[in-house]
There are 2 protein chains.
Amino acid sequence: MKKVSLKDIATAAGVSTALVSYVLTNKEKEARIGEEMAKKIREIARQLNYQPNHIARSLKSGRSFTIGLIVADISNPFFGNIARTIEDEAKKNNYTVIFGSSDENVDKSQDLIHVLLNRQVDGLIITPTEGSEQQLLQLQSQHVPFVLIDRYFPEIAANHITVNNQEAAFQAVSHLVKAGRKRIGMVAYKTTLQHISERIQGYQAALQQHELPAPASLLKRARYSHLKTDIETAIDGLLKGKHPADALFFATNSLAIEGLKYINTLGIHIPNDLAVITFDEAEALDLFYAPVTFVKQPILDMGKAAVRVLLDQIKDNTTAVSNICIDTTLIVRKSCGSQ
Amino acid sequence: MKKVSLKDIATAAGVSTALVSYVLTNKEKEARIGEEMAKKIREIARQLNYQPNHIARSLKSGRSFTIGLIVADISNPFFGNIARTIEDEAKKNNYTVIFGSSDENVDKSQDLIHVLLNRQVDGLIITPTEGSEQQLLQLQSQHVPFVLIDRYFPEIAANHITVNNQEAAFQAVSHLVKAGRKRIGMVAYKTTLQHISERIQGYQAALQQHELPAPASLLKRARYSHLKTDIETAIDGLLKGKHPADALFFATNSLAIEGLKYINTLGIHIPNDLAVITFDEAEALDLFYAPVTFVKQPILDMGKAAVRVLLDQIKDNTTAVSNICIDTTLIVRKSCGSQ
DNA sequence: TAACAATGCTTTATCGTTTAAGCAAAAGGG
DNA sequence: CCCTTTTGCTTAAACGATAAAGCATTGTTA
């Protein structure tokens, strides 16, 4: 059973395809179509269950009404949630989403950009990987609309949606201080990506502000590609020395989860022996025996903002850059002890 | 900067677009292109950084090299993982994936099918919602290739990829029995979907086989749409009566996580007071103080199989149906106590 | 050397839709 | 009653790529 095209309707109605097109795209007024004929065509289209061919439309219009989404890993709930909000928001605007996971890998990222552009996406929403600056500059020179989310590069003037990382980290660490902790360690990713740097800066600023020790040994970094082993080394370094940390600040949920898994095996009790706080939520952190205090990112708002900024840019074909920063919320639970 | 088309290359080389097309799709032999000319065209294409227009190709060929993926909710890691394996596998075959979340809602599912078909996807991979049988029959009558994953409808002869739900449930419950548990409860979704029914059947068969009590009161069902409240009611019913259950079998990870959150608040200790076992893995279940024994689904294999079956059907345009059932693995951890 | 094949390219139609331009016929105006 | 406007439709080109068919040359063979 072949798909029904404008031609089929035109034949059935004994008119030209142009007429049918005008009617079905509601251009009756501009194209001066007779009322009766419009009705007749609509009725035939309904009967034949006509569905417009999106591909043909895209070819003609040069727009695909498709957004390309590049995240680090769609199976990670943080990105899954971002993807979900973007999907919903795109749908409201009659856009669909093609996605790909870069695995924090520059080459995969480049490849994905290629694939998505060849699919003629109208724009991209990207959580950029470390070292992907060139790819973004390339996109700019090709005038491809795109929006960065979660991370960005200060030296690249591109749309981005972020959160107040530094301030949030500052507040999180301050919360630990108020809870009476003295030696506060941090576990971050080994990356130059901006969001992580900002969180580290917030951590350091808080320590300084409260006149707490801030030796380099209290700040540990793990590689994305060797998460488990690096985390274990980091935690050993933080908790097994002469002056073990009495609180830990994790830069992301994946770090916290992996870290807590290991801490569990050490027989260390949260929050008695160690206070814990992290960026991002996760079910695992809810179910933990001492539900973990965390910095809640406004994922819904971020996704909405990303789609809105992108579609605006696609529509207006402007080069004006939107940098949107949304506030986070500190959700206090048991993992930091009293307070 | 406009995109480079075949025409641009043709103009630059002083030849027809047809010639360029033949060369760039490697049809030199069949089309008897001169070696030098082929070289020249390729060189020009490289210099101009030509990227084929996928949309135009799709229009001509009638194939979009795009798969539509409909899951219940992409932000749920189970589906996120499925999406990830499908994405990877599709990519290997030069396919891309458009996705949508149905939220276990029939209308959303119908809407998504519409949207994806209008986008001319070559086929669909679907985790069908309850009551979506008509939609699937409709797809069949339109000869749209599709593959069901995770769930299926016995009365509909369609490709599906599943696991040995009944047997896995049987073994899981038997494991509880071997661990000395006598009153084994189950928490499932309130749905007629096949995968849940099979897990319940496996549970019941195991109780019967081991001559354990199997009153209806030991089997509780929660609505997807009212998960939290229904779970709390269910668990109250199972644990607060005269004969409280000494073990619980959860039909999915979301049920287990929500259930354990509530159990945590009751001061019940796992596994001393209560043994727990569940279908599906989750980080939350790893990090739990008594890591939860679970039935591990072969998500990677399922995703691969789904893509393979779908692409085969798209290629061969056959109506032969593939029903693939893959075995699960029981991963034993602390939540069931001593063996 | 005539007949035919092989070679190297162009022409043209097509996919389904959109839209500017064109063209009758009917309606309106002076 | 002639000229202009309006109305209601059709024609045709275009988006970018593909591929069958066509058409000159050149090369081969009896």
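To find a chain, count down the sequence lines: A is the first, B the second, and so on, and within it residues start at 1.
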* Asked: Is it true that B/K3 and B/D8 have a side-chain N and a carboxylate O under 4.0 angstrom from each other?
  -> no
* Asked: For A/F153, is the NZ or CZ atom of A/R151 found under 6.0 angstrom from the centre of its six-membered ring and inside 45 degrees of the ring axis?
  -> no
* Check whether any side-chain N or O of B/K27 sits under 4.0 Å from OP1 or OP2 of D/dA19, and answer yes or no. => yes
* To do: Go through DNA chain C in 5' to 3' direction and return only the first and the last nucleotide with some atom under 4.0 Å of chain A's heavy atoms.
  => C/dG16 to C/dG22
* Asked: What is the distance from NZ of B/K29 to C1' of D/dA19, rounded to the nearest Å?
  -> 19 Å
* Asked: Which part of the nucleic acid, if any, lies within contact of A/S58, taking any heavy atom under 4.0 Å across all strands shown: a base, the sugar-phosphate backbone alone, or nothing?
  -> nothing
* Asked: Counting distance only, does the side-chain N/O of A/N53 pair as donor-acceptor with the main-chain N or O of A/I55 below 3.5 Å?
  -> yes
* Does NZ or CZ of B/R63 lie under 6.0 Å from the centre of the six-membered ring of B/F65, at an angle within 45° of the ring axis? -> yes
* Does some side-chain heavy atom of A/L139 sit less than 4.5 Å from a side-chain heavy atom of A/F146? -> yes
* Asked: Atom CG of B/L59 to atom C1' of D/dA17: distance rounded to whole Å?
  -> 9 Å
* A/E43 and A/R46: CA distance, side-chain angles, deciding distance, salt bridge (Lys or Arg N to Asp or Glu O under 4.0 Å) verdict -> CA-CA 5 Å; A/E43 174 59 17; A/R46 208 189 49 72; 3.0 Å; yes
* Asked: Roughly how many Å is it from CD1 in B/I9 to P in D/dG16, rounded to a whole number?
  -> 13 Å
* Does the side chain of B/L137 come within less than 4.5 Å of B/I156's, by heavy atoms? -> yes
* To do: When you get a sec, tell me which of D/dC15, D/dG16, D/dT18 is the closest nucleotide to the side chain of B/S5?
  => D/dG16
* Asked: Is it true that atom CD of B/E155 has more than 12 heavy atoms of other residues, nucleotides or ligands lying nearer than 6.0 Å?
  -> yes
* Structure fact -> Whether each nucleotide of nucleotides 6-13 of chain D has a protein heavy atom under 4.0 Å at its base (B), only at its sugar-phosphate (S) or at neither (-) is summarised, 5' to 3', as -BBBBB--
